[in-house]
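The analysis underlying the following values was restricted to heavy atoms, covering all of them including side chains, and did not include hydrogens, waters or symmetry mates. The shown structure was predicted, so the numbers you read here are calculated from the model rather than taken from an experiment. Residue numbers start from 1 in every chain, and the chains themselves are labelled A, B, ... in the order their sequence lines are given, proteins ahead of strands.
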Amino acid sequence: MVAPSSTHGFEAFPGWDGSVAGARTLQAQLAAQVVLEDVFPRPLRTVAGFDVGFEDQGDITRAAVVLLDAESLQTLESHVARLPTAMPYVPGLLSFRELPALLLALEMLSQPPDLAMVDGQGIAHPRRLGIAAHFGVATGLPSLGVAKSVLVGDFDAPGPARGDRSPITHRGELVGFALRSKLRCNPLIVSPGHRVSLTTAAELVVRFLAGYRLPEPTRLADRLASRREAGRSSTLPR
DNA sequence: GCGACAG
DNA sequence: ATCTTGTCGC
């Protein structure tokens, strides 16, 4: 039992008994619901970046969300949600630790995004349910994962140019791409979450790059989530 | 048994 | 992820 069922936040995992084995079983079941086809609004109106950070030595989990206009990349809204940390980090079970806070952040938005980009793996996961895929199935929203390092799978180094990518395979399956988002920077690990195809996931990340290693949605959320003394207020541009 | 292991 | 300054390289 890694998660105290009496704590807050776990209504996000209906049917979970709080054990590691139970979490893995639930992942396998939810993974079967993942849609790896492009089923999202065309053209994309908005895109949101999500990331999680910690404060108070890890006792508090802080999730940040930044909603951007998909065409101009201007920030429309940003919010920070806090929740007492209820589970330790267990490789492969990241979503059970961070998803509750992410869902709270999502609820703070005045409107759901057309696409959610989450810091972490999509289907490039042992049971094909990284946090981005879990987020997608749990919310029904199109999603994809952008991680800074690989969890599972093998790949050859992608070319040096921005946009160069190489396939990541795991147990004989294509699960994502190692993407060179910026010259002389380590590649990003991109994989579909839900309602987005493998190739489209990589193309979308490239589309939202703005000169930094991380695509704008995730980069901004990253900055909000890890910044000390981050405010919890929303920011409305004018 | 040994090594790997998102954040 | 987080604890933490300067430093090397492009």
Side-chain angles (χ1 to χ4, degrees), chain A residues 2-3 9 12 20 23-24 26-27 30-31 34 49-65 80-105 116-138 143-155 160-162 168-171 175-194 201-202 205 211-215 217-230:
Chain A
V2 291
V20 167
R24 293 184 176 131
L26 180 55
Q27 289 184 319
L30 294 176
V34 169
F50 292 84
D51 189 31
V52 170
F54 296 86
E55 54 185 69
D56 195 23
Q57 298 171 168
D59 291 342
I60 298 298
T61 298
R62 179 173 56 201
V65 59
V80 173
R82 290 182 173 73
L83 209 56
T85 301
M87 222 194 96
Y89 166 67
V90 179
L93 300 185
L94 182 67
S95 62
F96 288 82
R97 172 176 166 83
E98 304 186 345
L99 190 60
L102 288 182
L103 296 180
L104 269 187
M117 293 176 69
V118 184
D119 188 299
Q121 314 296 342
I123 64 169
H125 174 279
R127 289 164 294 283
R128 307 294 180 261
L129 197 85
I131 190 166
H134 196 156
F135 178 98
V137 171
S143 67
L144 64 82
V146 181
K148 300 175 214 56
S149 61
V150 69
L151 173 60
V152 295
D154 304 289
F155 64 91
R162 170 179 173 288
I168 298 176
T169 59
H170 180 236
R171 297 179 183 171
V175 297
F177 290 97
L179 175 70
R180 188 78 65 188
S181 56
K182 187 173 195 274
L183 207 58
R184 296 182 218 86
C185 276
N186 290 321
L188 294 180
I189 305 304
V190 180
S191 60
H194 185 50
V205 170
Y212 298 88
R213 184 194 178 207
L214 297 179
T218 296
R219 188 181 75 84
L220 295 175
D222 246 77
R223 210 170 46 157
L224 245 193
S226 61
R227 171 189 168 184
R228 293 199 175 232
E229 191 121 18

Under 4.0 Å, counting only non-hydrogen atoms across every strand here, what does [X] touch: a base, just sugar-phosphate, or nothing?
{"X": "A/G92", "value": "base"}
{"X": "A/G58", "value": "nothing"}
{"X": "A/L188", "value": "nothing"}
{"X": "A/V152", "value": "nothing"}

Working for side-chain contact (heavy atoms from CB on, under 4.5 Å), residues A/H134 and A/L30: CA-CA 7 Å; A/H134 196 156; A/L30 294 176; 3.5 Å; yes

Whole angstroms only, please: what is the [atom1]-[atom2] distance between [X] and [N]?
{"X": "A/D51", "N": "B/dA6", "atom1": "CG", "atom2": "P", "value": "15 Å"}
{"X": "A/E55", "N": "B/dG7", "atom1": "CD", "atom2": "C1'", "value": "16 Å"}
{"X": "A/L94", "N": "B/dA4", "atom1": "CG", "atom2": "C1'", "value": "16 Å"}
{"X": "A/H125", "N": "B/dA6", "atom1": "NE2", "atom2": "P", "value": "11 Å"}
{"X": "A/D222", "N": "C/dA1", "atom1": "CG", "atom2": "P", "value": "7 Å"}
{"X": "A/F155", "N": "B/dA6", "atom1": "CZ", "atom2": "P", "value": "13 Å"}
{"X": "A/R24", "N": "B/dA6", "atom1": "CZ", "atom2": "P", "value": "14 Å"}
{"X": "A/I60", "N": "B/dG7", "atom1": "CD1", "atom2": "P", "value": "22 Å"}

pi-stack flag for A/Y89 and C/dA1, centroid dist under 5.5 Å, interplanar under 30°: no

N or O in side chain of A/S226 less than 4.0 angstrom from C/dA1 OP1/OP2: no

A/K148 vs B/dG7: side-chain N/O to OP1/OP2 distance below 4.0 Å: yes

Watson-Crick or G-U pairs under 3.5 Å in DNA chain C, rendered as dot-bracket with [ ] for crossing pairs and | for another strand: ..........

Closest listed nucleotide, where the reference is the side chain of A/F54 and the choices are C/dT2, B/dA6, B/dG7: C/dT2

Minimum-distance nucleotide (side-chain atoms of A/I131 versus B/dA6, B/dG7, C/dT2): B/dA6

Mutual orientation of the aromatic rings belonging to A/F135 and A/F50 [parallel < 30°, tilted 30-60°, perpendicular > 60°]: tilted

Pair A/D119 + A/K148: basic N to acidic O under 4.0 Å: yes

Below 4.5 Å, heavy atoms only, C-beta onward: do [X] and [Y] meet side chain to side chain?
{"X": "A/V152", "Y": "A/Q121", "value": "no"}
{"X": "A/P215", "Y": "A/V146", "value": "yes"}
{"X": "A/F155", "Y": "A/T169", "value": "no"}

Audit row: A/R223, A/D51, side-chain contact (heavy atoms from CB on, under 4.5 Å) steps and yes/no: CA-CA 9 Å; A/R223 210 170 46 157; A/D51 189 31; over 6 Å; no

